[in-house]
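Source: prediction; values computed, not measured. So you know, we letter chains A, B, ... as the sequences are listed, proteins then strands, and number each from 1.
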Amino acid sequence: MGNEAVALGALHAGAARGIGYPGTPSSEILDVYNQLGGKAEWAPNEKVAAEVALGVSFAGVRAFTTMKHVGLNVAADVLFTAAYSGVDGALVFVVADDPGLASSQDEQDSRRYAVAAGVPLFEPSDSQEAYDYTRLAFEVSERWKIPVLLKLTTRVCHSGTIVMPRAPDTGLAAAHFVRNIPYRVMVPGHARPAHRRLRQKLAEIAEWNETDGPNQEIEGSRDLGILVSGVAYQHAREAASDASFFKVGMSYPLPMRKMLNFIESVKRAVVIEENDPVMADAVRAAGGTIESAPEMYRFGELNVSRVKRILAGDVTPEAVPPRGKPPQLCAGCPHGITFDLLKKYNCIVAGDIGCYTLAALPPLSSMDTQICMGASLGTGLGLRHVLPREEAKRVVSVIGDSTFVHSGLTGLAEMTYNVPPTGHVLLILDNTTTAMTGQQEHPGTGRLLDHSPANQLDYEKIARAMNVPNVGTFDPIRQPAEFEAALVEALAKDELTVLIVRRPCILAVARKGVKPATTEG
Amino acid sequence: MNEKVTSIKIAGLGGMGVLTSTQILADLFFRQGRDVKKAEVHGMSQRGGSICSDVRFGKKVFSPMVPAGEIDFLVLFQDDQLPLYEAECSPQTVILKPDQIDLEKLGNKRALNIAMLGLLSRYLDVSSEAWLEVIHEVLPEKLHQVNDAAFELGRSGV
Ligand SMILES: Cc1ncc(C[n+]2csc(CCOP(=O)(O)OP(=O)(O)O)c2C)c(N)n1
Ligand code: SF4
């Protein structure tokens with residue numbers, strides 16, 4: 001599949017290290033990279049992953065970082081200023097979008113980040129291009145000393161098409177440090193010229209994209225010309241096999257001269273792109289005239305039938321596909337017990353993202369908020385601060401172990417700093433894995449990406465170090481009564497409480513065939 | 001580009017072996033020298049939700065997803081999943097369901113996916129040897145015997 005092709009591409013590009021945080025549909029890339037012999041690691045979150053990758057590139061070698069689209073929100077702070085500082089070896093951000101929300105909380109379009117941060121962006125349409133563009137992304141990054149985005153989508157990540165690899169790169173530099181303070185210390189005096197350097201690089205890259213970029217023109221009937229990028233190209237070729245095509249492989253900076261020439265060379269020009277009208281807007285801003293999809297096609301992913309409808313200008317309502325059986329917590333999942341209790345005590349649950357978010361669906365219906373990773377703490381505290389006392393006392397924040405490490409630590413600092421009058425209760429659901437995305441390790445599991453032993457965070461000690469007065473750990477299956485009593489006590493007090501609910505995910509135990517590092521409180 | 005693309009959709013619930021079957025089909029047609037594309041749904045760890053995946057092969061395949069109305073074979077691992085995909089079928093679609101196999105004879109229920117591939121194999125011009133070679137490569141050795149029997153059950157009914 002496309003994710004395997006990216007891993008192989010990175011290996012053949014001689015990357016020194018791949019660092020990421022799991023997120024569907026990007027998660028498999030680093031596992032495969034590790035299996036192929038690459039050096040891969042999970043970081044606590046995407047920002048840290050991008051920072052480590054940037055550090056690797058400052059040593060003059062090639063690095064990449066993997067994440068899902070919303071992960072780039074977390075890593076955006078790194079991206080924007082790394083675009084200024086530039087890199088020394090190469091740095092590729094592999095970012096997987098999820099149009100249609102197969103497994104995400106939004107369907108944002110990462111191409112907007114390329115424009116906003118000013119970094120080149122490649123958009124493969126199948127596994128072969130996923131491989132080729134990965135290699136090209138490293139080359140462009142190294143040549144212009146600039147971070148590069150490789151934008152995948154669910155259908156590129158999880159579709160498989162035949163890949164012909166090329167000979168691996170050889171003769172790459174070994175890691176070494178060269179001091180370069182004006183380029184790497186982004187104080188205002190250094191950042192002003194850095195911004196100018198960035199714009200200069202982008203102008204050169206735009207020229208390169210016009211002449212040598214991975215864009216493809218396919219001659220067909222001049223009656224219809226389709227401007228297209230990403231997997232939408234595959235759908236469009238099938239939907240309109242006679243048309244002419246201009247397929248954009250590097251979507252920022254765009255090969256605008258070539259695109260405008262193409263548009264003028266056909267009788268009717270239509271742009272087909274998934275998610276936002278990024279190319280449509282750019283063409284129009286450059287003075288071109290082109291038809292684009294009606295607003296209704298901005299929602300969800302494209303396919304052959306939808307492309308046919310767009311070309312026919314069909315805006316009649318689309319058939320709603322029947323809904324299948326929704327996913328549910330596995331039978332025997334330890335999360336179930338916690339949410340039964342929260343329901344029993346009529347808690348207002350500030351939730352977070354993970355398998356346990358399924359508790360928001362019937363029959364449990366016992367999660368009240370879920371926005372982004374780590375938000376359970378802040379939103380729960382906000383509610384506690386302002387709700388009337390009787391309601392405030394029922395507010396509980398619930399977070400998974402991987403999510404707690406990802407972005408709950410700073411929320412816990414807030415909890416112990418700006419303490420609500422009624423105190424607060426945090427449950428850390430420690431199933432000793434990142435279950436939702438396929439049971440990856442993280443700094444709390446005591447194992448590295450390849451499952452070898454590592455340092456392990458101690459949530460109890462962390463909570464105590466932050467001066468939380470009431471801290472306890474319970475196994476919800478072996479100690480249901482003790483756990484319930486502790487929760488009742490916490491809800492009654494006007495104090496801060498952190499309860500660690502520890503019981504391994506049953507799938508993780510089954511999959512590894514070994515007991516996770518920690519099974520007892 | 002004239003040779004017609006053959007499109008197969010496999011549907012079941014999470015944990016029933018939809019992804020393994022997809023892998024077997026993709027490898028099989030790749031070995032037969034065809035262009036192959038597959039589209040899968042990953043990401044929901046939990047068991048039990050409805051999932052499906054597509055495999056398409058031919059001289060040249062573009063979209064990895066089977067367009068509505070162009071399913072040649074719909075392979076269901078559970079009968080009750082049919083309503084989800086009926087609208088995408090055409091009168092030509094061959095629908096394969098577990099009730100077409102003598103499930104009593106299926107030694108291990110978890111080998112149902114391979115039995116269903118055996119049933120599908122009746123319609124495709126590929127030798128048993130070629131199928132089993134790929135099945136053996138994709139599945140761990142200790143499962144070979146059970147799955148060989150399951151494949152045979154699907155292919156010949158015994
Ligand atoms: C910024 C960001 N990165 C990644 C994801 C994908 N993702 C959703 S939940 C989750 C982690 C779930 O692990 P955990 O909190 O341990 O809960 P579990 O699924 O194990 O119950 C991840 C990685 C995301 N939604 N947002
Ligand atoms: S995968 Fe693990 S955490 Fe997720 S629902 Fe199943 S048992 Fe629970």
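- Within residues 16-24 of chain B, no residue has any heavy atom less than 4.5 Å from a heavy atom of chain A.
- Neither the backbone nor the side chain of A/Arg306 comes within contact range of chain B, judged by heavy atoms closer than 4.5 Å.
- Both the backbone and the side chain of B/Asp35 come within less than 4.5 Å of a heavy atom in chain A.
- Within the model, atoms CG of A/Leu302 and OG of B/Ser63 stand 10.0 Å from one another, a figure rounded to the nearest 0.5 Å.
- Chain A is approached within less than 4.5 Å, heavy atom to heavy atom, by B/Pro67, B/Ala68, B/Glu70, B/Pro83, B/Leu84 from residues 66-96 of chain B, ordered by number.
- Dense packing is recorded around NZ of B/Lys109, with more than 12 heavy atoms of other residues, nucleotides or ligands lying under 6.0 Å away.
- A salt bridge between A/Arg155 and B/Glu40 is absent, with no side-chain N of the basic residue lying under 4.0 Å from a carboxylate O of the acidic one.
- Separating the OG atom in B/Ser53 from the NE2 atom in A/His158 is a distance of 12.5 Å, to the nearest 0.5 Å.
- B/Met65 has its side chain out of reach of A/Gln234: every pair of non-hydrogen atoms, C-beta onward, lies at least 4.5 Å apart.
- Taking 4.5 Å as the limit, every side-chain heavy atom of B/Val36 sits out of range of all side-chain heavy atoms of A/Thr161.
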Next on the checklist: Does A/Glu238 form a salt bridge (charged side-chain N to carboxylate O under 4.0 Å, His left out) with B/Arg56? I'd like the steps, not just the answer.
Outcome noted: CA-CA 13 Å; A/Glu238 187 158 336; B/Arg56 309 184 75 198; 2.8 Å; yes
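- The CG atom of A/Asp126 sits 10.5 Å away from the CZ atom of B/Phe62 when rounded to the nearest 0.5 Å.
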